Amino acid sequence: MAGTVAERDALKIEDGHLNNSLGSPVQADVYFPRLIVPFCGHIKGGMRPGKKILVMGIVDLNPESFGISLTCGESEDPPADVAIELKAVFTERQFVRNSCVAGEWGEEQSSIPYFPFIPDQPFRVEILCEHPRFRIFVDGHQLFDFYHRIETLSAIDTIKINGDLQLTKLG
């Protein structure tokens, strides 16, 4: 088989589906047409313990904030439940998280050991779903846990990303 392992394993987007470099379809958990912000994509089968969502991107040069949300569908009216909303706020150097169930926002959590994002620099956020909680990693370091406020994990089937960033990869 020709090419390096990296070339063989490289994924590219074609016609809204992930394909490997040989052109055959790849089974992927997150489907997305293009990595354009604001972004909204479907999480195949919803969340479950052991499932991980990967968001890679580059922070804008002069950012105010950006957000990553996992929601139960895309509905705006009535608004979809938000299982977890992560928001990086650069002016306050905070990475806050919250949820919204039946139109009611819960108590915002903001304690972090350090602020992991730097303007004009790449980042990697991993959201690992475990039985009682989401475990959040940034650039390979565990930053915090967020305990589930939505019971039916499989209903969490949408990812939304907005704000001052460029997306480079989702998985």
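Computed from a predicted model, the values in this text were never measured in an experiment.
In this structure, the side chains of Gln121 and Val59 stay at 4.5 Å or more apart for every pair of heavy atoms. Using a 4.5 Å heavy-atom cutoff, the side chains of Ser69 and Ile84 are not in contact. A 4.5 Å side-chain heavy-atom check between Leu165 and Ile58 finds every atom pair outside the cut-off. No side-chain heavy atom of Ile68 sits less than 4.5 Å from a side-chain heavy atom of Asn162. Residues Leu167 and Val55 meet the side-chain proximity criterion, which asks for heavy atoms closer than 4.5 Å. Side-chain atoms of Phe144 and Ile112, non-hydrogen and from C-beta on, do get closer than 4.5 Å to each other. Counting heavy atoms from C-beta on, the side chains of Leu35 and Thr168 never come closer than 4.5 Å. His131 places a side-chain heavy atom less than 4.5 Å from the side chain of Pro49.
Using a cut-off of 4.0 Å between Lys/Arg side-chain N and Asp/Glu carboxylate O, Arg149 and Glu85 are scored as not salt-bridged.
Among all heavy-atom pairs drawn from Ile161 and Val37, the shortest one is O-CG1, 4.0 Å. A pairwise comparison of heavy atoms in Asn98 and Gly106 identifies ND2-O, 3.0 Å as the closest pair. Of all heavy-atom pairs between Met47 and Cys129, the closest is CE-CB, 3.5 Å. Residues Lys160 and Glu76 share a closest heavy-atom pair of NZ-OE2, 3.6 Å. Across all non-hydrogen atoms, the minimal contact from Pro116 to Asp139 is O-OD2, 4.2 Å.
Taking the six-membered ring for Trp and the full ring otherwise, the centers of Phe90 and Phe115 sit less than 6.0 Å from each other. In this structure, Phe117 has its ring center under 6.0 Å from that of Phe123.
Ser75 contributes a side-chain N or O that, together with a main-chain N or O of Pro78, makes up a donor-acceptor pair within less than 3.5 Å. Judged purely by atom type and a 3.5 angstrom limit, His42 has no side-chain atom pairing as donor or acceptor with the backbone of Ile159. Asp81 contributes no side-chain N or O that, together with a main-chain N or O of Cys72, makes up a donor-acceptor pair within less than 3.5 Å. Judged by distance alone, with hydrogens and angles left aside, the side-chain atoms of Asp157 form a donor-acceptor pair with the main-chain N or O of Gly73 at under 3.5 Å. At least one donor-acceptor pair under 3.5 Å links the side chain of Lys51 to the backbone N or O of Gly46.
Linking ILVMFWY residues whenever their side-chain heavy atoms come closer than 4.5 Å, directly or via other members, leaves Tyr114 and Val96 in distinct clusters. Residues Phe95 and Leu70 are members of one and the same hydrophobic cluster, defined by side-chain heavy-atom contacts under 4.5 angstrom among Ile, Leu, Val, Met, Phe, Trp and Tyr. Side-chain heavy atoms closer than 4.5 Å link hydrophobic residues (I, L, V, M, F, W, Y) into clusters, and following such links, even through other members, never connects Val89 to Ile136.
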**Request:** Show your reasoning for whether side chain to side chain contact (heavy atoms under 4.5 Å, CB included) applies to Leu86 and Phe66.
**Result:** CA-CA 8 Å; Leu86 304 171; Phe66 69 81; over 6 Å; no
**Request:** Decide yes or no on side chain to side chain contact (heavy atoms under 4.5 Å, CB included) for Phe146 and Ser99, but give the supporting numbers first.
**Result:** CA-CA 10 Å; Phe146 185 83; Ser99 64; 4.1 Å; yes
**Asked** For Leu170 and Leu54, what are the C-alpha separation, side-chain angles and deciding distance, and is it a side chain to side chain contact (heavy atoms under 4.5 Å, CB included)?
**Response** CA-CA 5 Å; Leu170 285 178; Leu54 169 68; over 6 Å; no
**Item:** side chain to side chain contact (heavy atoms under 4.5 Å, CB included) between Asp60 and Asp120, worked out
**Value:** CA-CA 5 Å; Asp60 285 354; Asp120 202 32; over 6 Å; no
**Request:** Would you please test Glu64 and Lys87 for salt bridge (charged side-chain N to carboxylate O under 4.0 Å, His left out) and show each step?
**Result:** CA-CA 10 Å; Glu64 288 181 25; Lys87 187 170 186 179; over 6 Å; no
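To the nearest 0.5 Å, atom OG of residue Ser110 and atom CZ of residue Arg97 are 6.5 Å apart.
Looking at residues two or more places apart in sequence or on another chain, you find a salt bridge (Lys or Arg N to Asp or Glu O under 4.0 Å) between Glu126 and Lys52, Arg124. Listed by chain and number, the residues in a salt bridge (Lys or Arg N to Asp or Glu O under 4.0 Å) with Asp145 are Arg133, Arg135 (sequence neighbours excluded).
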